[in-house]
Amino acid sequence: MESTPVKLYVDDGSQPSRACMIFCEMNNIPYEKVETRLVKGDNRKEEFLKINPLGQVPAMKHGEFCLREGHAIMKYLHASFDCEDHWYPACIKKRAKVDELLDWYHSVLRQGAAPVVFKTVFSKFFGMKFPEDEIKMHHKILKLSLKNIENIFLKDDFLAGPEICIADLTFYNEILQLKYVEYDLSKYPKLLAWCDRMAAIPEVQKITKVILSFIKAFLDKPKAKI
Ligand SMILES: N[C@@H](CCC(=O)N[C@@H](CS)C(=O)NCC(=O)O)C(=O)O
């Protein structure tokens, strides 16, 4: 079993960062959390750019090996540490179904959810303004994504079956972010039940505590500084 400690460069406000931390927590993977605050520009510092020249979190250093991309990090950790199969199954067909979800997350869900939050909430703090049409388009993608998760993906307790897999972690953290815009999910009962199942996991609670308190403070006091 792998024993070299893993360094995770993360920001609690970042969806894939939280997914990687939850993955480590749920699989008892020893990791060092290297706080990389985007609002402080830590991701543009020379030291971090040596880990990920793209300047994005999450990133990982394991020994001398550096890796970026949340899904790639979780797959690497799954292969390197003693993790249960259901997270990223060895069976080719089961694994392909998880990969299908991971690809769709990037090409569809994140294209709707992330910009809806960024372009309506965070943009204000960076003095940016986006055209209404552009925001509408992201809303349209988001709505279709949620509809598909509700009607097509969620056939069981978790996205790829009765047990949790790595896609549940990124999907959940992306959807959690929608609390910033108080997005109404009431039309999606299966998705809400899945959110409740995810939120009941102690490791999920541990890692999302910071962002949830931050969102609460933001909503209580809309002018709070991010
Ligand atoms: N495809 C990457 C996305 C990484 C990403 O977009 N990270 C954001 C935070 S969630 C970031 O670091 N943004 C800062 C920047 O791009 O300058 C993944 O899934 O890990």
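In what follows, every heavy atom counts, from backbone to side chain, and hydrogens, waters and symmetry copies are set aside. Here the structure is a predicted model, which means the values were calculated and not measured.
Side chains of Asn173 and Ile22 form a contact here, defined as non-hydrogen atoms less than 4.5 Å apart. Looking at heavy atoms from C-beta onward, Cys165 lies out of side-chain contact with Phe158 at the 4.5 angstrom threshold. Within the 4.5 Å cutoff, side-chain heavy atoms of Lys61 are placed close to those of Cys66. Considering only heavy atoms from C-beta on, Asn52 stays 4.5 Å or farther from Met60 through its side chain. Residues Leu185 and Leu146 are in side-chain contact: their nearest non-hydrogen atoms beyond the backbone lie under 4.5 Å apart. The closest side-chain heavy-atom distance from Phe214 to Asp12 is not below 4.5 Å. Contact of the Asn148 side chain with the Trp104 side chain is registered, since non-hydrogen atoms from C-beta on lie closer than 4.5 Å. Inter-residue side-chain proximity for Phe48 and Val34 is flagged as unmet; no heavy-atom pair is nearer than 4.5 Å.
Listed for the Asn27 side chain is no donor-acceptor partner under 3.5 Å among the backbone atoms of Ile29. Looking at His78, its side chain does come within 3.5 Å of a backbone N or O of Glu84 through a donor-acceptor pair. Asp168 places a side-chain N or O within donor-acceptor distance of the main-chain N or O of Leu159, the cut-off being under 3.5 Å. Under the 3.5 Å distance criterion, the side-chain polar atoms of Arg110 are left unmatched by any main-chain donor or acceptor of Glu174. Formation of a donor-acceptor pair under 3.5 Å by the Asn43 side chain with backbone atoms of Gly55 is found in this model. A donor-acceptor pair is defined here as one N or O able to donate and one able to accept, closer than 3.5 Å; no such pair exists between the side chain of Asp85 and the backbone of Pro89.
Annotation for Glu134: atom CD counts as buried by contact number, over 12 foreign heavy atoms lying within 6.0 Å. More than 12 heavy atoms of other shown residues, nucleotides or ligands fall within 6.0 angstrom of atom NZ in Lys119.
The only member of His71, Arg18, His106, Gln15 that meets side chain to side chain donor-acceptor pair (under 3.5 Å) when paired with Thr170 is His71. Screening Lys40, Arg44, Lys45 for a salt bridge (Lys or Arg N to Asp or Glu O under 4.0 Å) involving Asp42 leaves a single residue, Lys45. With His86 as the partner, the side-chain contact (heavy atoms from CB on, under 4.5 Å) test is satisfied by one option alone out of Ile166, Val98, Ile164: Ile164.
Aromatic ring centroids of His62 and Phe81 lie under 6.0 Å apart. Taking the centre of each ring, Phe130 and His138 stay at or above the 6.0 Å mark.
A salt bridge is absent between Glu150 and Lys190: the closest approach of a Lys/Arg side-chain nitrogen to an acidic carboxylate oxygen does not fall below 4.0 angstrom. Using a cut-off of 4.0 Å between Lys/Arg side-chain N and Asp/Glu carboxylate O, Lys33 and Asp11 are scored as not salt-bridged. Salt bridge annotation for Arg95-Asp99: absent, with no cationic side-chain nitrogen under 4.0 angstrom from a carboxylate oxygen. For the pair Lys206 and Glu203, the salt-bridge criterion is not met [side-chain N within less than 4.0 Å of a carboxylate O].
The distance from atom CD1 of Ile175 to atom CG of Leu109, rounded to the nearest 0.5 Å, is 5.5 Å. Note that the CD1 atom of Ile211 and the OG1 atom of Thr208 stand 9.0 Å from one another [nearest 0.5 Å]. Rounding to the nearest 0.5 Å places NZ of Lys143 at 13.5 Å from CD1 of Ile141. Going from atom CZ of Phe122 over to atom CD of Gln177 covers 5.5 Å, rounded to the nearest 0.5 Å. Here the OG atom belonging to Ser80 is positioned 12.0 Å from the CD1 atom belonging to Ile73, to the nearest 0.5 angstrom. Interatomic distance, CG of Leu67 versus NZ of Lys75, reported as 10.5 Å (0.5 Å rounding).
Leu144 and Trp194 are not part of a single hydrophobic cluster, where members link through side-chain heavy atoms under 4.5 Å apart. Linking Ile, Leu, Val, Met, Phe, Trp and Tyr residues whenever their side-chain heavy atoms come within less than 4.5 Å places Phe125 and Leu178 in a single cluster. Residues Val10 and Ile51 are members of separate hydrophobic clusters, defined by side-chain heavy-atom contacts under 4.5 angstrom among Ile, Leu, Val, Met, Phe, Trp and Tyr. Note: the hydrophobic cluster containing Trp87 does not contain Ile92 (ILVMFWY, side chain heavy atoms under 4.5 Å, direct or indirect links). In the hydrophobic clustering of this structure, Val57 does not group with Val6; members are Ile, Leu, Val, Met, Phe, Trp, Tyr whose side-chain heavy atoms approach within less than 4.5 Å, directly or through other members.
Minimum heavy-atom separation, Leu77 to Cys24: CD1-SG, 3.7 Å. The two residues Lys124 and Thr120 have their closest heavy-atom pair at NZ-O, 2.9 Å. Closest of all the heavy-atom pairs between Ser14 and Ser17 is OG-OG, 2.7 Å.
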Does the pair Cys83 and Phe23 meet the rule for a side-chain contact (heavy atoms from CB on, under 4.5 Å), with working shown?
CA-CA 10 Å; Cys83 305; Phe23 183 79; 4.0 Å; yes

Under the side-chain contact (heavy atoms from CB on, under 4.5 Å) criterion, do Leu101 and Lys97 qualify, and how do the steps go?
CA-CA 7 Å; Leu101 289 161; Lys97 294 309 281 182; 6.0 Å; no

Worked verdict on Cys20 versus Met74 for side-chain contact (heavy atoms from CB on, under 4.5 Å)
CA-CA 6 Å; Cys20 289; Met74 287 189 280; 4.1 Å; yes

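Side-chain polar atoms of Glu25 and Tyr31 form a donor-acceptor pair below 3.5 angstrom.
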